[in-house]
Student: 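First the structure, which I've put down as structure tokens, then a few questions once you've had a look.
These numbers come from a predicted model, not from an experiment. Below, each value reflects all heavy atoms present in this structure, side chains not excepted, and no hydrogens, waters or symmetry copies. Just so you know, residue 1 is the first one in the sequence shown, and it goes up from there.
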Amino acid sequence: MDNDISIDKDACIGAGQCALAAPSVFTQDDDGFSELLPGREAGAGDPMLREAARACPVGAITVSGA
């Protein structure tokens with residue numbers, strides 16, 4: 001199941017909720033902002049992927065696709 005995951009870097013405030021909800025997909029960069037882990041750009045079917053997007057307090061994560 002492939003997904004298209006986008007992170008609005010301008011909206012991200014670095015709350016880290018995505019990394020807490022789906023640590024196999026998201027991490028935080030050196031400045032504390034959300035980023036995808038290398039090789040996890042499609043989410044690889046992580047069951048918590050959509051929950052991570054919902055958990056973002058500013059709605060900076062969009063998940064579309066299958």
Student: Nearest 0.5 angstrom please: Ser34 OG to Ile13 CD1, how far?
Tutor: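 Between atom OG of Ser34 and atom CD1 of Ile13 there are 11.5 Å.
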Student: Measure from the side-chain N and O atoms of Glu51 to the backbone N and O of Ala21, and report whether any donor-acceptor pair falls under 3.5 Å.
Tutor: no
Student: SG of Cys18 to CD of Glu35: how many Å apart, nearest 0.5 Å?
Tutor: 10.0 Å
Student: How close do Pro57 and Gln17 get, heavy atom to heavy atom, and via which atoms?
Tutor: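 Taking every non-hydrogen atom into account, CD-CG, 4.3 Å.
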Student: Using side chain to side chain contact (heavy atoms under 4.5 Å, CB included) as the criterion, point out the one residue from Val63, Leu37, Leu36, Ile61 that pairs with Val25.
Tutor: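 The side chain to side chain contact (heavy atoms under 4.5 Å, CB included) with Val25 is passed solely by Leu36 among Val63, Leu37, Leu36, Ile61.
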Student: Looking only at atom types and distance, does a side-chain atom of Asp31 sit under 3.5 Å from a main-chain N or O of Phe33, one as donor and one as acceptor?
Tutor: no
Student: How far apart are the C-alpha atoms of Leu49 and Phe26, what are their side-chain angles, what is the distance that settles it, and do they pass the side-chain contact (heavy atoms from CB on, under 4.5 Å) test?
Tutor: CA-CA 9 Å; Leu49 178 60; Phe26 297 96; 3.7 Å; yes
